[in-house]
Amino acid sequence: MSKRLPGLDESATIYRDEWGIAHVRARRRRDAFFAQGYVHAEDRFWQMDAARRRVEGRWAEWIGAAGVESDALARRLGAAQACRRDYEAIDDEAREIIDAYAAGVNAWLGTGDPLPSAEYAFLTGAPEPWAPWHCIAAMRWRGWLMGSLWFKLWRAAALAVLPAEQVAKLRIDDGGIDRLCIPPGVDAKRWAADLAGLAPAIAALEAIASPDMTGGGSNNWAIAGSRTASGRPLLAGDPHRVFEMPGMYAQGHVGCEEFDAVGLEIPGVPGFPHFAHNGHVAWGVTHAFADIHDLFVERFEQRDGGWHYLFEDRWLPVRSRRETIRVRDGEDRVIDIHETHHGPVITGDPRRGSVLALRSMQFAETDRSFECLLRMLCARNTDDFFEATRGWGLIDHNVVAADTAGHIAHRVRAIVPIRPRSNGWLPVPGWTGEHEWRGMVPFEDMPHAADPERGFIVTANNRFVADDGPHYLCTDCHPPYRAHRLEELIAGLPAATVDDMAALHRDVRCPNAALFRALVARAEGLGEAALALRERILDWDGELAADSVGATAYEMLRWTLTGQVARRSGLAKLSDHELLRLPPGVPPTMQLWWVLPSLIREDDTGLLDGQDWPTAAAAALEEAGARFDGRPWGEHHRARLVHPLQSLSAAASEQLAGPALPLPGDNETVMATGCAPASGLAAPSGSVARYAFDIGNWDESRWIVLDGASGEAGSPNRFDQNPLWARGEMVPMRYSWKAIARNARSTVTLRP
């Protein structure tokens, strides 16, 4: 089958394998990216359309009042303007591939065929053409405000109900001591902010207090050939994100004379920003939790007919504008947007005299990340590859790579501002000039490691480097539990295989089982139901398997205890605090769930309002025991594959939502399948894809996504990978063009 399309220079061929995955082959790179854009539009155009609308602040035009707050934030951030700015700034080579990709998208839109996306039946208006800068918007959306912003807001809000010495504890558990990514296998103590150092920030926050103030992760690893059965390196991992439909990643393969790459694509974005191999080097990322967002408390006053803000004893004019948000089935919302030199005001009322402004690497500085995409595709070894990432700044990553020469390596891919370490804990005073950005950490100074003596590299959102270096890089990160467990398992594999990589993906050992068993063993005065629940926990093997009843008992106890700590500490009252309402919000109970093991381990009762931990555990056992139903964990912990339009109507929910299969694991296990207060014990997030690259024997590599290759409702490839994904299995990653052509389910040639 062939199609004639304007915009091609020469032909491009699209092969679809048995899973509906597109393998694109062309001679010229421009035609290859054109065809990639065409395929993405064919498979995932609505998903791309949704991403650009969210960045533009036009989501409420589709979903109504529920989208207003996220639109207001996008408008305040100037996100669309930042994407246009970056497009104009990138070099000609990067602009060429974006333009070609956009032309392919528009060629699909211009075919005149009816739009297959079921979503448009529930919406008004026709899809708009795809502008090249929309590619940057689609990429920017996937890392939207990830990381340190939310931890700073959480601690700032907590000052409303806790003394400063207690707020300093509200940091994700470190497992007793932090495991570092670099150097591999090393532990280090965290830098802890002293209250004197935080005093200016705490005082500044008093200015924005409302009168009623009191009332994501991922895994990746590389194993050297010295530790594998084949003598070649292995590289594997799994990105953890929200289970939004369609899934974040699409599987794809794009080849031309200059490169031949296969991996996980981001619909709307050319190339392979996160996970792929090009026949010479393979790469995968995890979120590094580098601190790339700062919050500034700004003092505002009305002067000379307009708003001014204080900076170093001078009152400077505020840049202000007004924008209108159109709302489906509702009245337009007009918002006032204010900016200082630090950035846009994201929360607070200027009439009260103080607001919070955000300075973020994602918006404040011109970004040239797209210049990296082609260079990455053409890299021939790990050194080439990491040099290709120079200038990447849209979101921060631990990039792990392996090449056919046998090298394995790790580099933190991020642009991090130089400023004081105290900026990492709370919003800081904007008027003093003491917390300004003083340039960027040089690329050469960013942490990196290669070919460690132990023969493997692991990153799992744990601290990537010690706090004692010359530059401040990170305050908050995930616990080291997943990293420790992966290191333990890999160390026990003297001859690792691809099958072993899949087994690592599936590991559900609970890292805190012993800690909570020891706690409940000390609880006294229990009733019958509480005693039965305790026995379930004490007899449990520590595996968060889908068929485990003991896992259910543990999870119910832990979440119940977390909720009680939230209430006794007063932190539960912050659920509607203005600092925690920025989309997507910061649930206090979720934050405390991560902190709880540290408090128990250290016997820190400061948040228990006079209770001790055994008494608190007894109360939690009584409350959870009354609700315990004896069902296995997977029955409670089903995947929540939520489509953003399913709230529009019952029909939309029926057509667009995904299956809800039982899952093992939880937030802390290697097979991460998160829980969140809003969804109870169900799983709204976790591994959205998995991959295992067999370096040099590429056709033995494997992968999986949580849904399927197609984003179209009704497609046979919409959810065909979901049952395998839920079981922790993967499918073959085709790479050899002869085998692809021979076994293709369909072949389409695009002609000029």
Side-chain angles (χ1 to χ4, degrees), residues 1-17 19-53 56 58 61-62 96-135 137-138 245-246 250-256 265-271 645 655-656 707-718 740-741 744-752:
M1 179 181 177
S2 66
K3 294 183 178 181
R4 293 199 175 275
L5 297 172
L8 280 166
D9 293 328
E10 297 180 16
S11 296
T13 302
I14 303 167
Y15 303 97
R16 297 273 184 179
D17 65 20
W19 299 97
I21 298 166
H23 301 258
V24 170
R25 196 175 193 189
R27 190 177 74 84
R28 298 165 60 100
R29 78 175 180 214
R30 186 188 176 282
D31 295 325
F33 287 116
F34 179 102
Q36 187 185 27
Y38 182 93
V39 164
H40 283 182
E42 186 175 41
D43 289 346
R44 303 284 190 108
F45 183 75
W46 183 86
Q47 182 181 19
M48 297 160 56
D49 201 357
R52 68 170 169 182
R53 278 183 174 267
E56 288 180 293
R58 299 176 57 205
E61 293 177 19
W62 271 3
E96 179 193 34
I97 69 172
I98 294 177
D99 290 351
Y101 179 96
V105 174
N106 290 324
W108 180 81
L109 285 173
T111 59
D113 296 335
L115 285 172
S117 297
E119 287 88 349
Y120 290 108
F122 302 101
L123 302 170
T124 58
E128 299 164 6
W130 188 263
W133 69 267
H134 290 149
C135 296
M245 294 291 99
Q251 298 143 302
H253 184 183
V254 181
C256 62
E265 304 168 318
I266 295 176
V269 180
L645 296 186
Q655 289 189 38
L656 302 177
D707 47 357
S710 176
E712 300 295 337
S715 166
N717 301 122
R718 181 69 186 90
I740 289 167
R745 191 187 70 189
S746 68
T747 303
V748 175
T749 301
L750 307 180
R751 302 186 186 279

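Remark: Glu42 engages Lys3, Arg16, Tyr38, Trp108 in a side chain to side chain contact (heavy atoms under 4.5 Å, CB included) (not counting sequence neighbours). A search for side chain to side chain donor-acceptor pair (under 3.5 Å) contacts involving Arg718 returns Asp707, not counting sequence neighbours. Residues forming a side chain to side chain donor-acceptor pair (under 3.5 Å) with Gln36 (at least two apart in sequence, or on another chain): Glu265. Residues passing the side chain to side chain contact (heavy atoms under 4.5 Å, CB included) test with Pro752 are Leu8, Ser11, sequence neighbours excluded. In this structure Arg52 satisfies the side chain to side chain donor-acceptor pair (under 3.5 Å) test together with Asp49, His134, sequence neighbours excluded. Every residue two or more places apart in sequence or in another chain that forms a side chain to side chain contact (heavy atoms under 4.5 Å, CB included) with Glu61 is listed here: Arg53, Arg58, Arg326. Partners of Arg27 according to the side chain to side chain donor-acceptor pair (under 3.5 Å) rule, which considers only residues two or more places apart in sequence or in another chain, are Glu10, Glu257. Applying the ring pair (Phe, Tyr, Trp, His ring centres under 6.0 Å) rule to His253 yields the partners His23, Tyr735, Trp737; only residues at least two apart in sequence or on another chain are considered. Scored by the ring pair (Phe, Tyr, Trp, His ring centres under 6.0 Å) test, Trp62 finds Trp46, Trp59 as partners (sequence neighbours excluded). With sequence neighbours left out, the salt bridge (Lys or Arg N to Asp or Glu O under 4.0 Å) criterion links Arg29 to Glu93, Glu96, Glu258.
Closest of all the heavy-atom pairs between Leu5 and Ala107 is CD2-O, 4.2 Å. Nearest heavy atom pair, residue Trp130 against residue Cys135, reads NE1-SG, 3.4 Å. The two residues Ala131 and Ala102 have their closest heavy-atom pair at C-CB, 4.3 Å. Contact record, Ala35 with Leu750: CB-CD1, 4.2 Å, taken as the closest heavy-atom pair. Between Pro129 and Leu109, the shortest heavy-atom contact is CA-CD1, 4.2 Å. Here the shortest heavy-atom pairing between Ala26 and Ala32 reads CB-N, 3.7 Å.
Within the 4.5 Å cutoff, no side-chain heavy atoms of Ile21 are placed close to those of Asn717. Using a 4.5 Å heavy-atom threshold, the side chains of Glu712 and Ser117 count as touching. Two residues are said to be in side-chain contact when any heavy atoms from C-beta on lie closer than 4.5 Å; Leu123 and Leu645 meet this criterion. Using a 4.5 Å heavy-atom cutoff, the side chains of Ile740 and Asp17 are not in contact.
Within the structure, the salt bridge (Lys or Arg N to Asp or Glu O under 4.0 Å) test picks out no pair touching residues 116-126 (sequence neighbours left out). The salt bridge (Lys or Arg N to Asp or Glu O under 4.0 Å) contacts involving residues 100-111 comprise nothing, where partners must be two or more places apart or lie in separate chains.
Here the OG1-CD1 distance, from Thr747 to Ile14, works out to 10.0 Å after rounding to the nearest 0.5 Å. With values rounded to the nearest 0.5 angstrom, Arg44 atom CZ is found 11.5 Å from Ile266 atom CD1.
Residue His40 forms a ring pair (Phe, Tyr, Trp, His ring centres under 6.0 Å) with just one option from Tyr101, Phe45, Phe34, and that option is Tyr101.
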